[in-house]
Amino acid sequence: WELRDVIGPDATKTISQPPGYLWMFVGVLSVTSLYLAATWTELRRREDQSRSNEERLRAFVHALPDLALVFRADGVCAEIFAPLGSHFRDQIDTFRNQPVEEIYPPDLARKFRETIDEVIQTRDLAIVRYAISIDGADHIYEGRFAPIEPSENQSTAVMVVSYDLTENQRARNDLQKRDLLLNSLTEAESILLREKRFHTGIRASLECIGKGVSQDIVQLYRLHGDGSGVIECTHEWERDLPFVYGSLRITETNLKELSVDWKSTFEMGEPLEIHYSSASEQSRSFLHQLGMRSLTLVGLSPRGGDLGFMAFGSSLERGEDDQHTFSVLLAISKSIQAYMETHFSQSELERAK
């Protein structure tokens, strides 16, 4: 107020206070201004840091494999993070503030609670792999349990980050299955290469491929070339299990019901596949007659022999997208056809001699 009357536009007074007071006031004002500026700068820095942390947390949540939960020591979910597109995105409010028993099935909840207690006591990371059903489909998860150190007025908590391993597990199982199928094919073909006795080689290879590819019947049929229409099952392997039932024989009538062009299809070596879920009523009746849920027929047209076909049947329906099994069945059929051609050539040579 002193300065306003002295240096203002309508100044009429002089400073009535000693100069020392004025300099003291200026000093206090300067220090206060510096303090406020420093405080404001610190607040801005903290706000920027908080905003940066929020952005990092948001990016972390979006980058999560599928789910992250924070459990208190009493097993109650204090917080849940789920990225966009996650199965659990719509259940965030349902999970929050709920005990682990309300979130997971009883056996899995018990395992989670035991692991939470263990992590709190040991202050160490724990990993639990578990399976759970989501929307009717089975999923495999790997949960990583990590302790969160307590802050003021808070107890120790545990963060659980879950990784969905379903696709990786399926790929691993697919690779293992493919390896088993290829091993079965290799073993069956090695039998055909080393076995000189025709019937013994055929029977051994049918058994090998039947067991290796998890079929219930593997049969070799020959169409008599005299025009009689007789279809003869010359070699077969059947799994000796109670669920294998039915006539287990395929006739010309059956083939006509499956396809009017069945003969030309077999002559070209093309396959015919029937799966119960996608088959017609007539084809389903035929499968029921055989006691099978999936059937694959592969035509054989060996040089020097009659037209024939291979039949691979399974009492458990094989998926139509199971290309590995289908490829193995085609490959062994071609190998058996080559084995037959070799036998027919040797027989002709012996007769010529």
Side-chain angles (χ1 to χ4, degrees), residues 188 191-192 195-210 213 215-240 244-276 279-315 329-352:
I191 291 173
L192 296 176
E195 182 57 61
K196 303 302 181 182
R197 294 168 296 179
F198 178 74
H199 296 292
T200 302
I202 293 290
R203 292 192 184 95
S205 62
L206 294 189
E207 180 180 0
C208 178
I209 207 68
V213 189
Q215 300 296 293
D216 292 307
I217 60 169
V218 183
Q219 300 172 324
L220 174 60
Y221 285 87
R222 179 175 71 92
L223 279 68
H224 287 204
D226 55 6
S228 61
V230 176
I231 298 178
E232 178 187 4
C233 179
T234 58
H235 303 83
E236 69 176 337
W237 173 85
E238 298 177 8
R239 187 180 297 277
D240 186 19
V244 176
Y245 65 93
S247 64
L248 300 180
R249 287 294 180 271
I250 300 174
T251 65
E252 185 178 17
T253 303
N254 299 140
L255 295 176
K256 289 179 179 178
E257 292 174 351
L258 293 177
S259 173
V260 293
D261 299 325
W262 64 271
K263 184 171 289 188
S264 59
T265 301
F266 286 165
E267 288 173 348
M268 293 185 294
E270 296 295 329
L272 287 175
E273 275 204 300
I274 315 166
H275 302 285
Y276 191 86
S280 63
E281 288 298 326
Q282 199 169 24
S283 297
R284 287 184 178 184
S285 176
F286 171 53
L287 289 176
H288 184 73
Q289 169 191 329
L290 291 177
M292 299 292 118
R293 298 281 293 187
S294 288
L295 183 67
T296 301
L297 307 178
V298 184
L300 302 179
S301 184
R303 292 188 302 271
D306 296 329
L307 180 66
F309 63 91
M310 296 283 301
F312 305 92
S314 174
S315 58
L329 299 183
L330 286 182
I332 192 61
S333 299
K334 299 304 179 185
S335 297
I336 288 179
Q337 176 174 303
Y339 185 71
M340 295 170 66
E341 290 176 349
T342 301
H343 173 74
F344 295 152
S345 298
Q346 290 176 348
S347 297
E348 287 295 327
L349 182 60
E350 290 175 358
R351 281 196 293 270

I need the [X] [atom1] to [Y] [atom2] distance, nearest 0.5 Å.
X	Y	atom1	atom2	value
Lys334	Met310	NZ	CE	11.5 Å
Arg293	Ser315	CZ	OG	9.5 Å
Leu272	Ser259	CG	OG	5.5 Å
Ile274	Met292	CD1	CE	12.0 Å
Ile231	Ile250	CD1	CD1	8.5 Å
Glu232	Arg249	CD	CZ	10.0 Å

ask   = For the side chain of Thr234 and the backbone of Arg222, is there at least one donor-acceptor N/O pair under 3.5 Å apart?
value =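 Pair absent, no side-chain N/O of Thr234 close to backbone of Arg222.
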
Exam field: side chain Glu341 to backbone Arg303, donor-acceptor pair closer than 3.5 Å =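 Yes; at least one donor-acceptor contact below 3.5 Å.
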
For [X] and [Y], which heavy atoms make the closest approach, and how far apart are they?
X	Y	answer
Ile209	Ala188	CD1-CB, 4.4 Å
Gly201	Ile191	O-CG2, 3.9 Å
Leu192	Ser205	CD2-OG, 3.6 Å
Cys233	Tyr221	CB-CE2, 3.6 Å
Thr265	Pro271	CG2-O, 4.3 Å
Gly308	Leu223	CA-CD1, 4.1 Å

Non-hydrogen side-chain atoms of [X] and [Y] separated by less than 4.5 Å:
X	Y	result
Phe312	Val213	no
Leu300	Leu307	no
Tyr339	Pro302	no
Ser285	Gln289	no
Trp262	Leu297	no

task = Check step by step if side-chain hydrogen bond (donor to acceptor under 3.5 Å, both in side chains) holds for Arg197 and His199.
result = CA-CA 6 Å; Arg197 294 168 296 179; His199 296 292; over 6 Å; no

task = Report the C-alpha distance between Arg203 and Glu195 in whole Å, list the side-chain angles of each, state the deciding distance to 0.1 Å, and finish with yes or no for salt bridge (charged side-chain N to carboxylate O under 4.0 Å, His left out).
result = CA-CA 11 Å; Arg203 292 192 184 95; Glu195 182 57 61; over 6 Å; no

task = With side-chain contact (heavy atoms from CB on, under 4.5 Å) as the test, would you mind laying out the steps for Val218 and Glu236 before giving the verdict?
result = CA-CA 6 Å; Val218 183; Glu236 69 176 337; over 6 Å; no

task = Please step through side-chain hydrogen bond (donor to acceptor under 3.5 Å, both in side chains) for the pair Ser283 and Ser280, ending with a clear verdict.
result = CA-CA 5 Å; Ser283 297; Ser280 63; 3.2 Å; yes

Given Asn254, Leu255, Val260, the one that forms side-chain contact (heavy atoms from CB on, under 4.5 Å) with Glu257 =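 So, applying the side-chain contact (heavy atoms from CB on, under 4.5 Å) to Glu257 and each of Asn254, Leu255, Val260, only Asn254 qualifies.
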
task = Mind telling me whether Phe198 and Phe344 have parallel, tilted or perpendicular rings, with 30° and 60° as the class edges?
result =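 Answer is tilted, since the angle falls between 30° and 60°.
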
